[in-house]
Amino acid sequence: SAPAAAHDPRHSSFAKKLSYRGWVDLAVVVVARIERDSSLPRDVRSAIPILMAEIELAKADRESEPEKQKQFLDASIEKLKKFIGSEDSHPRIYEAYINIGFLKSRKAKLLVDLVETAKLPADHDRLRKEAISLYKEVAADFDAQIVNWKRLPQDDQNAQGAIMDARLE
């Protein structure tokens, strides 16, 4: 049956691939189908914001206008923050923290690129300060997460997987 097909974890991967190829509307339809599938475990359905954040990132990747890129990156970060706020014990929580750091770093890099093309000194200074502030925020977030991860039991597979992912990035 059609709803049972949404249970297949490959559908999440399919939605990501669609979004990165520019088929964002279709990706959102696939995500909605996954979300409506009541046969899925709660952890799968509650992780939808992570998938939606990935779709926002795909929009940013395809966008040529820096201001719109920034908006998509902000939307992605907000989806992950909302996920963290409502799902603080979810198995994918560490992935969300790592992704926020990546997205903030990416946004800071975008700001640095904008500094280089800023025509007005005031814009140059504002963008530079915003980029520096964001990089400091990324570093502070990372330091805080390291402290939190060190408190976890060594046999926590979710944490170990997230730490490995962070090292690979």
Side-chain angles (χ1 to χ4, degrees), residues 1-21 23-62 69-110 133-169:
S1 78
H7 187 270
D8 191 331
R10 291 176 294 183
H11 281 67
S12 293
S13 177
F14 180 57
K16 280 191 235 179
K17 288 177 183 173
L18 285 171
S19 65
Y20 279 100
R21 287 187 173 88
W23 296 80
V24 173
D25 293 340
L26 186 54
V28 171
V29 169
V30 171
V31 171
R33 190 171 167 194
I34 294 167
E35 197 170 23
R36 285 190 312 266
D37 185 352
S38 60
S39 70
L40 287 172
R42 184 194 175 288
D43 282 352
V44 172
R45 287 194 322 269
S46 63
I48 292 294
I50 293 175
L51 185 53
M52 291 303 294
E54 189 83 30
I55 291 171
E56 292 295 327
L57 176 58
K59 289 180 191 177
D61 284 347
R62 298 187 65 81
Q69 285 179 349
K70 201 166 91 166
Q71 290 172 1
F72 291 133
L73 291 172
D74 285 339
S76 185
I77 291 166
E78 286 310 309
K79 286 179 186 331
L80 292 170
K81 284 181 176 179
K82 183 178 175 190
F83 170 77
I84 289 168
S86 64
E87 299 291 334
D88 63 349
S89 62
H90 194 282
R92 295 181 66 188
I93 193 80
Y94 308 110
E95 177 185 347
Y97 280 116
I98 290 166
N99 288 346
I100 286 175
F102 167 77
L103 291 164
K104 285 181 178 180
S105 295
R106 173 114 177 243
K107 181 180 170 186
K109 169 70 171 94
L110 176 66
S133 175
L134 200 49
Y135 277 127
K136 286 180 180 178
E137 191 178 311
V138 169
D141 290 349
F142 184 75
D143 289 343
Q145 287 312 311
I146 296 273
V147 170
N148 289 338
W149 288 339
K150 286 182 177 180
R151 289 189 209 138
L152 293 171
Q154 290 301 309
D155 61 349
D156 185 326
Q157 293 304 310
N158 293 324
Q160 295 306 317
I163 291 168
M164 180 62 73
D165 289 346
R167 287 182 182 149
L168 293 174
E169 288 189 27

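Numbering of residues begins at 1 and proceeds along the displayed sequence. Quantities reported herein were computed from a predicted structural model and do not represent experimental measurements. Heavy-atom basis, side chains included; hydrogens, waters and symmetry copies ignored.
- Here the CG-NZ distance, from L80 to K82, works out to 12.0 Å after rounding to the nearest 0.5 Å.
- Qualifying side-chain hydrogen bond (donor to acceptor under 3.5 Å, both in side chains) partners for K109, counting only residues two or more places apart in sequence or in other chains: D113.
- Between A47 and F83, the closest heavy-atom pair is CA-CE1, 3.8 Å.
- Scanning all heavy atoms of the two residues, the minimum distance from A27 to I55 falls at CB-CD1, 3.9 Å.
- The distance from atom OG of S19 to atom CG of L51, rounded to the nearest 0.5 Å, is 7.5 Å.
- Contacts classified as salt bridge (charged side-chain N to carboxylate O under 4.0 Å, His left out) and involving residues 41-56 (residues at least two apart or in different chains) are given here: R42-E87, E56-K59.
- In this structure, CZ on R21 lies 12.0 Å from CG on L26, to the nearest 0.5 angstrom.
- Across all their heavy atoms, V30 and L18 have their closest contact at CG2-CD1, 4.0 Å.
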Pair I84-H90, side-chain contact (heavy atoms from CB on, under 4.5 Å): steps then yes or no: CA-CA 8 Å; I84 289 168; H90 194 282; over 6 Å; no

Sequence neighbours left out, cut at 3.5 Å: what donor-acceptor pairs do the side chains of residues 70-78 make with other protein atoms?
{"unit_1": "D74", "atom_1": "OD1", "unit_2": "K107", "atom_2": "NZ", "d": "2.7"}
{"unit_1": "S76", "atom_1": "OG", "unit_2": "A53", "atom_2": "O", "d": "2.8"}

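- Between R62 and V24, every side-chain heavy-atom pair lies at or beyond the 4.5 Å cut-off.
- In terms of heavy-atom proximity, N99 sits nearest to I50 at ND2-CG2, 4.5 Å.
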